[in-house]
Protein chains: 2
Amino acid sequence: MGAIATNTVILGDCIESLKKLPSKSVDLVFADPPYNLQLGGDLLRPDNSKVDAVDDEWDRFDSFETYDRFTTAWMSECQRVLKDDGAMWVIGSYHNIFRVGAILQTLGFWILNDIVWRKSNPMPNFKGTRFTNAHETLIWAAKGRGSRRYTFNYDAMKMANDDLQMRSDWTFPLCTGDERLKDENGVKAHPTQKPEALLRRVILASTKPGDIILDPFFGTGTTGAAAKQLGRKFIGLEREEQYATLARERIAKVVPLTEADLETMGSKRSEPRIPFGQIVESGLLRPGDMLYCSKGERSARVRADGSLVIGDMAGSIHKVGAMIQSAPACNGWTYWHFKTDKGLAPIDVLRMKMRSSLAQLAA
Amino acid sequence: MGAIATNTVILGDCIESLKKLPSKSVDLVFADPPYNLQLGGDLLRPDNSKVDAVDDEWDRFDSFETYDRFTTAWMSECQRVLKDDGAMWVIGSYHNIFRVGAILQTLGFWILNDIVWRKSNPMPNFKGTRFTNAHETLIWAAKGRGSRRYTFNYDAMKMANDDLQMRSDWTFPLCTGDERLKDENGVKAHPTQKPEALLRRVILASTKPGDIILDPFFGTGTTGAAAKQLGRKFIGLEREEQYATLARERIAKVVPLTEADLETMGSKRSEPRIPFGQIVESGLLRPGDMLYCSKGERSARVRADGSLVIGDMAGSIHKVGAMIQSAPACNGWTYWHFKTDKGLAPIDVLRMKMRSSLAQLAA
DNA sequence: TTCTCACGTGAATCTGTAG
DNA sequence: ACTACAGATTCACGTGAGA
C-alpha cells in the first residue's frame, strides 16, 4: 500500500475528495460541518449596530432532509476512510448537533463522550428572548461499537487538569485577537474560525504523535495548525480556494513544539462565580427568609428568583444594599446577614459553602 | 370545557394516559424519558461475541428504530396536549439526547435552547477510558416554529444570576443527602432522581404561577414537588405503582411558597402601556417644554398632542429620536431627558411616576 | 511609560400589539 | 393573513487613542 499524502490541503467538494481517499487510512477525523443556522431578518444590538451573521451560501439547506442526506454522505465516507481503531470528532450547535449525533449512531459509530465547549465570552442574547447561547457541543465517537482500541491519553488529560480527571465540559474563550485571521481590511477571514486551544485538547486527548488527522471542512486550517504544532500529520479538504490558500500560509508559519514545551501545557483554574440566586435555588436560603444588615436594624425579604425586597424596592442583593444606604454601590455578600443560632452571619458564608460543594469544577 | 384534573399522579402506560388527555390543555411538558434504550425488555442486547458483524448491525439499527418509534409516540402526543403557546423540556444524556432532539425537530417543535446541566459532583470514570461524564443535556423547545409567545421570565433569570443574562450552562450538584428518596433499607428509591434545584430553575424560567405542567415520566415526582412549591399545577404520569405512591407521599409534604415570596422580577414588556401624550395631558410636562438628549446638545419641543418638534421634523418621541440620530430605531423614553433642579433626568422617570399613581387609583 | 476608557465584535434559528 | 409602530434589549475581552 502506497503511503497516503499528508500535510496537504485538497481543494474541492468534500464528498468527492473523500471518495478518492483510500479506506482505513487515517487515525482521526475532526469535522466542523455547516450548522444549518436558520436565521430570520437582521439582528440589531441595543446600540443599533448590526450583528454580522453567518449567512454564507454554504450554510443554506432546503430542509432537514437535505441536511440529513448531506450529513450521511460525508460521514459514511469518513467511516470508510478511518482505520478500525480510529475515531471521529464532530462539533455543532443545537441547530444541527442532534441530527449529526443521531445519524452517526445510525451509521454504527459508537459515541464515547459528548463534550461541551463552554464559551467564556459568548455573544449575549440581545433581545432578552432566550438563555444566552454560551456553548457548543462536540461528539467523540469510535468507528464502531467493537472498537475498543481507540486512543485516549488519559494521563495527559489528567495532568492538564491539575491531577483531576478531565471532565466532559471544557471552558475556552472564542477565537479573537491575533489568532483570528483577518483580510487586508481587518475583516475576519472566516466567519466560524475555531480556537486553536480547543483543537489542541482534542488532538492531545485522542491521537498519538505521528497520527494522521483528516478534516473534511478545513476552512482556514485550525486543525492543520494545531496538528503541526503537536507533531501530528493532517489532510485538509476545503471547497473555497480563498480559505485553502489562507490555511496553507497559516500552517507554513507554525513552529512545531518541542516535547518539553508540550509538558508545560496545562490549564489554570479559577474560583467559580456563584450568583445569589443559586444560593436560593440550592435551598441554603429559602424564599421568604429575611436578611439583615450587620447591626440588624434593616431587613429585607428573599424572593424565589434571588431578588430582595424592602417595602416597594426590589432588586439584587447589591442594588438593594446600595439603595437603602443611599450609596453608589454595595457588596451584598458582606452587607447582608442571615440568622444562625449563633447570631447573624454574612451571606458570604453561604457562598463559600456553595463553592466548596462545587470545588471539583475545574476550568 | 370541563377543567382538566391537576395535582394528580396517573398510574399507567404513559402513551395510553397521554391519549386520554384533552388537546391544548397544558402549558409545559417536562420529560425525563428512559435513557438507556431498555424499554419493556431489552432493546439493546449486551455485547454478544457469537453474533457476527452484519447481524450486529441489523440488531443495532432495529434497537434505535424501536427507541425512535417510542420517542415519536410519546412526543407527538405531548405536542397535541400542549397549548399553542406551550413549550417542552426534555432531559437526556448522549445515549438518547441526539435521537430525542432530531425527532423533536422533525415533529415540528422549535428548539429555543439546549441547556447543559454541569454536575458539580459527577461519578468519575473508574477505568480511565473516557472523559468524566460530567453533564446532561436539556432541550427547551416551543410547540412549533411560529410560536413566539412561549413563556420566558427573562428578568427573573437575570436576577437569579446577579444581574447578568442566564447562560445555557447551569451548574448544580447531583441529588444526594436528605433530598434523595430512600427505601426502608436506605437504598435509593429511584435510580435517576433529579435535583429539585434543576426543576425549580426550569419552572421559574418557563412558566407563570398557576400554569399546568405535565410530566409523562413522573418517577418519584421531583417535577410535582417543585411545581407545588412554586405555585404551579402538575399532572404526573407514571407506570410503576411503587414510584407513584412515593411521589404522592413526597408531594403531600411540600409546603407551597406564599404569593409574596413567589413574586419575581417582572418584565417591562408586561407593564401597562403609557402613551407619552398622557404625560402631557396629566401636567407632568407642559406643551412648550423642552426635552434634551443625555448630553444636552440636542433639544426638542413638546406639543400638546404628545408629539415632539425639532425644526421642521415632528413625530413621536421614538421617531424623532431615531431621526436625529439617523438610527433605525430609538427608545424615546430613555433617549429624551427633561430639566430638573439636579440636572437632566430621563422622561422614563415621569412614566414610572404615572404608573405608580395609576396603580394607586386602581387599588 | 503606564493606566484609563471608549469602541468594536463574536456560528443568533433574538419583539409585541393594535388595527 | 397583513402593516404600522411603540419601545425593549448586551457580556467579555481585545484594541487603540489619549491622559
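Just so we're on the same page: letters track the sequence lines, and every chain starts at 1.
Residue contacts for L39(A): at a heavy-atom cut-off of 4.0 Å it reaches a base atom on one of the strands shown. At the heavy-atom level, K158(B) lies under 4.0 Å from the strands shown only through sugar-phosphate atoms. Contacts of I317(B) with the nucleic acid, taken as non-hydrogen atoms under 4.0 Å apart, are absent. At a threshold of 4.0 angstrom between heavy atoms, the contacts of D52(A) are confined to the sugar-phosphate backbone, with no base atom among them. Among the protein residues, P33(A) comes within range of the nucleic acid bases, having at least one heavy atom under 4.0 Å from a base atom. Note on R180(A): only backbone sugar-phosphate atoms sit closer than 4.0 angstrom, heavy atoms only; bases stay farther off. Using a 4.0 Å heavy-atom cutoff across all strands shown, N133(A) reaches sugar-phosphate atoms only and no base atom. Note on S267(B): nothing from the nucleic acid sits closer than 4.0 angstrom, heavy atoms only. Here D114(B) lies out of heavy-atom contact (under 4.0 Å) with every strand. The residue P122(A) sits close to a base: some heavy atom pair falls under 4.0 Å. Across all strands, R167(B) comes closer than 4.0 Å to no nucleic acid atom at all (heavy-atom distances). Within the nucleic acid shown, G186(A) has no heavy atom closer than 4.0 Å to any nucleic acid atom. Residue contacts for I274(B): at a heavy-atom cut-off of 4.0 Å it reaches the sugar-phosphate backbone alone, with no base atom in range.
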I'd like to know whether R239(A) forms a salt bridge (charged side-chain N to carboxylate O under 4.0 Å, His left out) with E57(A), so could you lay out the CA-CA distance, the side-chain angles of the two residues, the decisive distance to 0.1 Å, and finally the verdict.
CA-CA 12 Å; R239(A) 198 172 62 168; E57(A) 179 274 332; 3.4 Å; yes
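Distance Q278(B) CD to dG7(D) P: 11 Å, rounded to the nearest Å. As rounded to whole Å, 11 Å separates atom C1' of dG7(D) from atom CZ of R355(B). Residue M323(B) contributes atom CE, which lies 12 Å from atom P of dC5(D) at whole-angstrom precision. M157(B) has its CE atom 18 Å from the C1' atom of dC11(D), to the nearest Å. As rounded to whole Å, 15 Å separates atom C1' of dT13(C) from atom CZ of F61(A). dT9(D) atom C1' lies 17 Å from atom CZ of F131(A), rounded to whole Å. As a whole-Å value, the separation of D163(B) CG from dA12(D) P is 12 Å. Taking atom NZ on K50(A) and atom C1' on dT9(D), their separation rounds to 18 Å, with Å as the unit.
Looking at K24(B) and D84(B), a side-chain N of the basic residue comes within less than 4.0 Å of a carboxylate O on the acidic one, giving a salt bridge. Here K158(B) does not pair with D155(B) in a salt bridge; the nearest charged N to carboxylate O distance is not below 4.0 Å. Using a 4.0 Å cut-off between charged nitrogen and carboxylate oxygen, E136(A) and R118(A) do not count as a salt-bridge pair.
Here the two rings, on W89(B) and W140(B), have centers that are under 6.0 Å apart. Between Y243(A) and F218(A), the ring centre distance reaches or exceeds 6.0 Å.
The side chain of S316(B) has dA6(D) as its nearest neighbour among dC11(D), dT13(C), dA6(D). The side chain of K127(A) has dT15(C) as its nearest neighbour among dA12(C), dT15(C), dT10(D). Among dG7(D), dT13(C), dC11(D), the nucleotide with an atom closest to any side-chain atom of P124(A) is dC11(D). Listed nucleotides dT10(D), dT15(D), dG14(D) differ in distance to T176(A); the shortest reach to its side chain belongs to dG14(D). When distances run from any side-chain atom of F126(A) to the nucleotides dA6(D), dA12(C), dC14(C), the shortest one goes to dC14(C). Nearest nucleotide to the side chain of V54(A), out of dG10(C), dA11(C), dC14(C): dA11(C). The side chain of R351(B) approaches dG7(D) more closely than any other nucleotide in the set dT9(C), dG7(D), dT9(D). Relative to the side chain of S120(A), the nucleotides dT9(D), dA12(C), dC13(D) differ in distance, and dC13(D) lies closest. Residue P46(A) has its side chain nearest to dT10(D) when only dA11(C), dG14(D), dT10(D) are considered. Taking the side chain of D178(A) as heavy atoms from C-beta on, and the options dA11(C), dC13(D), dT15(D), the nearest nucleotide is dT15(D).
Atom CG of D178(A) has 12 or fewer heavy atoms from other residues, nucleotides or ligands within 6.0 Å. At most 12 non-hydrogen atoms from other residues, nucleotides or ligands lie less than 6.0 angstrom from NZ of K353(B).
Within the 4.0 Å cut-off from OP1 or OP2 of dA12(D), not a single side-chain nitrogen or oxygen of K119(A) is found. Phosphate contact (OP1/OP2 of dT9(D), side-chain N/O of Y154(B), threshold under 4.0 Å): absent. Contact annotation: H318(B) does not reach the phosphate of dA6(D) (side-chain N/O to OP1 or OP2, under 4.0 Å).
Put simply, the side chain of D305(A) never gets that close to the backbone of T264(B): no donor and acceptor are under 3.5 Å apart.
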Reading DNA chain C 5' to 3', what string of ( ), [ ], | and . shows its pairs, if Watson-Crick and G-U wobble pairs count only when both distances fall under 3.5 Å?
.|||||||||....|||||
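The line from CG of L237(A) to CZ of F217(A) is 8.5 Å long, rounded to the nearest 0.5 Å. Going from atom CZ of F131(A) over to atom CZ of R167(B) covers 13.0 Å, rounded to the nearest 0.5 Å.
At a cut-off of 3.5 angstrom, the base of dG8(C) holds no donor-acceptor pair with the side chain of R45(A). Between the side chain of K319(B) and the base of dA4(D), no donor-acceptor pair of N or O atoms lies under 3.5 Å.
Applying the 5.5 angstrom centroid cut-off and the 30 degree plane-angle cut-off, the aromatic ring of W110(B) is stacked upon the base of dT13(C).
Nucleotides dT13(C) and dG7(D) have their P atoms positioned 27 Å apart, rounded to a whole Å. If you take atom P in dC14(C) and the same atom in dA12(D), they sit 23 Å apart, rounded to whole Å. Only the P atoms considered, dT9(D) is 25 Å distant from dA11(C), to the nearest whole Å. Comparing dT10(D) with dC7(C), their C1' atoms sit 14 Å apart, to the nearest whole Å. Spacing between dT1(C) and dA17(D) at atom P, rounded to whole Å, works out to 15 Å.
Side-chain contact check for N113(A) and Y94(B): no donor-acceptor pair (N or O, by modelled atom type) lies under 3.5 Å. Using a 3.5 Å distance cut-off with no hydrogens or angles, the side chains of R180(A) and T176(A) do not pair a donor with an acceptor. With no hydrogens or angles considered, a side-chain donor-acceptor pair links T151(B) and K208(B) at under 3.5 Å.
Nearest-nucleotide assignment on DNA chain C puts the 5′-proximal partner with N121(A), out of N121(A) and H95(A). The residue among W333(B) and T132(A) whose nearest nucleotide of DNA chain D is located toward the 5' end is W333(B).
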Below 3.5 Å between N/O atoms, which protein atoms pair up with nucleotides 16-18 of chain C? Just atom names and distances, please.
{"unit_1": "dT17(C)", "atom_1": "OP2", "unit_2": "R149(B)", "atom_2": "NH1", "d": "2.9"}

